[in-house]
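Computed over heavy atoms, backbone and side chain alike; hydrogens, waters and symmetry mates excluded. Each residue takes its place number in the sequence, starting with 1. Note that the structure is a prediction, hence the values are computed from the model and not measured.
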Amino acid sequence: GIRLELDLDPAVRPVQGDSASLHQVVLNLLVNALQAVADRPGEGVVRVRSAQRPAEVVLEVGDNGPGIAPEMRA
């Protein structure tokens, strides 16, 4: 009941780093996004986007969950 939207830039170059750590970070972001939309069956959306910038690769994970309550943001 959750839609996954991918916008992956095919021009993204390989990234050097600790693959286990990178894997864990991406997995945690995806789990958080899934938990944020878990109460929205049929309406939940998780978005993953990658982009190549001149000196970096950008990976964004987003969702259409309710967000963080204002009193918890501080």
Side-chain angles (χ1 to χ4, degrees):
I2 297 171
R3 188 171 72 240
L4 176 63
E5 296 179 352
L6 300 176
D7 180 12
L8 305 177
D9 183 348
V12 168
R13 297 185 301 261
V15 175
Q16 291 185 354
D18 179 358
S19 63
S21 295
L22 291 171
H23 179 232
Q24 189 64 48
V25 167
V26 173
L27 183 61
N28 288 346
L29 290 170
L30 289 170
V31 167
N32 289 347
L34 289 170
Q35 289 174 344
V37 297
D39 293 337
R40 303 186 71 176
E43 298 177 8
V45 178
V46 174
R47 291 176 214 84
V48 179
R49 184 175 90 78
S50 68
Q52 180 69 57
R53 302 263 169 81
E56 63 187 6
V57 170
V58 177
L59 179 70
E60 297 175 348
V61 177
D63 60 72
N64 68 340
I68 300 171
E71 64 272 10
M72 300 296 292
R73 290 182 191 167

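- Counting non-hydrogen atoms of other residues, nucleotides and ligands closer than 6.0 Å to CG of Asp18 gives a total above 12.
- Both Val25 and Val48 are members of a single hydrophobic cluster when ILVMFWY side chains are connected at heavy-atom separations under 4.5 Å.
- In this structure, the side chain of Ser50 engages the main chain of Asp9 through a donor-acceptor pair within 3.5 Å.
- By the criterion of side-chain heavy atoms lying less than 4.5 angstrom apart, applied directly or through intervening Ile, Leu, Val, Met, Phe, Trp or Tyr residues, Val26 is not grouped with Val45; the two fall into different hydrophobic clusters.
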- Task: Any chance you could lay out the side-chain contact (heavy atoms from CB on, under 4.5 Å) test for Asp7 and Glu5, step after step, and finish with the verdict?
- Result: CA-CA 7 Å; Asp7 180 12; Glu5 296 179 352; over 6 Å; no
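- Ala36 and Pro66 make their closest contact through O-CD, 3.3 Å (heavy atoms, listed as atom of the first residue, atom of the second, distance).
- We find the CG-CG distance between Leu27 and Leu22 to be 12.5 Å, quoted to the nearest 0.5 Å.
- By the rule that hydrophobic residues join a cluster once side-chain heavy atoms approach within less than 4.5 Å of another member, Val12 and Leu6 end up as members of separate clusters.
- Surrounding CD of Glu56 are more than 12 heavy atoms belonging to other residues, nucleotides or ligands, all under 6.0 Å away.
- Put simply, CG on Asp63 and CG on Leu4 are 11.5 Å apart, with the number rounded to the nearest 0.5 Å.
- Placement of Val58 and Val46 in two distinct hydrophobic clusters is found when ILVMFWY residues are connected by side-chain heavy-atom separations under 4.5 Å, directly or transitively.
- Put simply, the side chain of Asn64 gets close to the backbone of Glu43: a donor and an acceptor are under 3.5 Å apart.
- The environment of CZ in Arg53 is sparse: at most 12 heavy-atom neighbours from other residues, nucleotides or ligands sit within 6.0 Å.
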- Query: For Val61 and Leu30, what are the C-alpha separation, side-chain angles and deciding distance, and is it a side-chain contact (heavy atoms from CB on, under 4.5 Å)?
  - Reply: CA-CA 7 Å; Val61 177; Leu30 289 170; 4.0 Å; yes
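- Contact detail for Ala33 and Gly62: the closest heavy-atom pair is CB-O, 4.3 Å.
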